[in-house]
Amino acid sequence: MQVEAVVVEPETVILAAPLAPNINHRETVFGGSAAAIATLAAWSLIHTRLVSAGLASRLVIQRSNMQYDAPIAGEFRARAFAPTEQTWDDFLRMLRKKGRARVVISAALEYGGQSVGRFEGEFVALDV
């Protein structure tokens with residue numbers, strides 16, 4: 001997939017990938033590649049924030065939804081967005097208290113400066 005981390009910050013993670021290794025028979029990005037990269041951006045955001053909080057955990061995706069709004073015919077990006085501060089604080093509090101917590105993270109697929117898809121995933125963190 002040749003994914004590259006472009007930005008890794010507490011509020012956002014942006015991953016980029018070229019068309020060639022992710023191409024489908026229509027010469028656009030294969031939907032599975034787009035969904036995988038959006039999922040990875042969201043997972044990476046949570047993982048990075050958990051590491052910053054000093055929490056070791058196993059992080060898995062429980063549920064996801066992907067919407068494709070336009071074809072992607074070149075290099076594209078997946079941009080994950082941090083949850084609200086209250087949502088994140090509740091997530092951390094539950095993880096510390098119960099050893100398990102859920103959080104929903106959104107990401108956008110971007111191509112040519114446009115939003116071309118939307119991802120939403122519910123992730124579960126398990127204390128290790």
Side-chain angles (χ1 to χ4, degrees):
M1 294 174 65
Q2 297 180 2
V3 179
E4 174 186 350
V6 177
V7 174
V8 178
E9 295 176 348
E11 297 304 313
T12 191
V13 166
I14 302 171
L15 303 180
L19 175 63
N22 300 293
I23 200 162
N24 66 20
H25 66 289
R26 298 284 189 187
E27 298 185 5
T28 59
V29 170
F30 170 61
S33 291
I37 292 170
T39 302
L40 182 58
W43 184 95
S44 297
L45 178 71
I46 302 166
H47 174 75
T48 299
R49 292 174 66 109
L50 286 169
V51 168
S52 292
L55 294 171
S57 65
R58 186 171 36 158
L59 184 59
V60 297
I61 188 160
Q62 182 174 37
R63 173 191 61 79
S64 69
N65 183 44
M66 186 75 223
Q67 182 168 331
Y68 305 95
D69 299 325
I72 302 170
E75 181 178 84
F76 67 102
R77 293 179 173 208
R79 179 187 306 264
F81 304 98
T84 66
E85 188 174 327
Q86 183 64 53
T87 297
W88 185 252
D89 289 346
D90 292 346
F91 170 75
L92 291 179
R93 185 171 44 260
M94 185 63 71
L95 183 57
R96 287 180 177 122
K97 181 178 179 181
K98 301 279 187 175
R100 173 185 202 130
R102 288 180 173 77
V103 66
V104 174
I105 300 293
S106 297
L109 291 178
E110 300 169 348
Y111 167 65
Q114 303 283 334
S115 177
V116 293
R118 290 166 281 163
F119 166 88
E120 183 177 272
E122 182 175 10
F123 293 83
V124 178
L126 304 165
D127 200 6
V128 290

Salt bridge or not between E11 and R49? Use side-chain N to carboxylate O under 4.0 Å.
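Here E11 pairs with R49 in a salt bridge, since their nearest N and O are under 4.0 Å apart.
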Hey, could you give me the CG/CG distance between L55 and L95, rounded to the nearest 0.5 Å?
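Reported to 0.5 Å precision, the distance equals 5.5 Å.
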Taking all heavy atoms of [X] and all of [Y], pick out the closest pair and write down the distance.
{"X": "A78", "Y": "A41", "value": "O-CB, 3.9 Å"}
{"X": "P21", "Y": "M1", "value": "CG-O, 3.8 Å"}
{"X": "A125", "Y": "L50", "value": "CB-CD1, 4.3 Å"}
{"X": "L19", "Y": "T28", "value": "CD1-C, 3.6 Å"}
{"X": "N22", "Y": "A17", "value": "ND2-CB, 3.8 Å"}
{"X": "A101", "Y": "F91", "value": "CB-O, 3.3 Å"}

Under a 4.5 Å side-chain heavy-atom rule over Ile, Leu, Val, Met, Phe, Trp and Tyr, are [X] and [Y] clustered together?
{"X": "L92", "Y": "V104", "value": "no"}
{"X": "L15", "Y": "V7", "value": "no"}
{"X": "M66", "Y": "F30", "value": "no"}

Do [X] and [Y] have side chains that get closer than 4.5 Å, going by heavy atoms?
{"X": "L126", "Y": "V128", "answer": "no"}
{"X": "F81", "Y": "V13", "answer": "no"}
{"X": "R102", "Y": "R100", "answer": "yes"}

Side-chain donor or acceptor of [X] paired with backbone N/O of [Y] under 3.5 Å:
{"X": "T87", "Y": "P83", "result": "no"}
{"X": "Y111", "Y": "R77", "result": "no"}
{"X": "S33", "Y": "V29", "result": "no"}
{"X": "W43", "Y": "L59", "result": "yes"}

Passes side-chain contact (heavy atoms from CB on, under 4.5 Å), D127 versus S57? Steps please.
CA-CA 5 Å; D127 200 6; S57 65; 5.5 Å; no
Is it true that atom [atom1] of [X] has more than 12 heavy atoms of other residues, nucleotides or ligands lying nearer than 6.0 Å?
{"X": "M94", "atom1": "CE", "value": "no"}
{"X": "Q62", "atom1": "CD", "value": "yes"}
{"X": "E85", "atom1": "CD", "value": "no"}

Extract all donor-acceptor atom pairs below 3.5 Å that involve side chains of residues 117-124 and protein atoms in other chains or at least two apart in sequence.
{"residue": "R118", "atom": "NE", "partner": "D69", "partner atom": "OD2", "Å": "3.2"}
{"residue": "R118", "atom": "NH2", "partner": "D69", "partner atom": "OD1", "Å": "3.0"}
{"residue": "R118", "atom": "NH2", "partner": "D69", "partner atom": "OD2", "Å": "3.3"}
{"residue": "E122", "atom": "OE1", "partner": "R63", "partner atom": "NE", "Å": "3.3"}

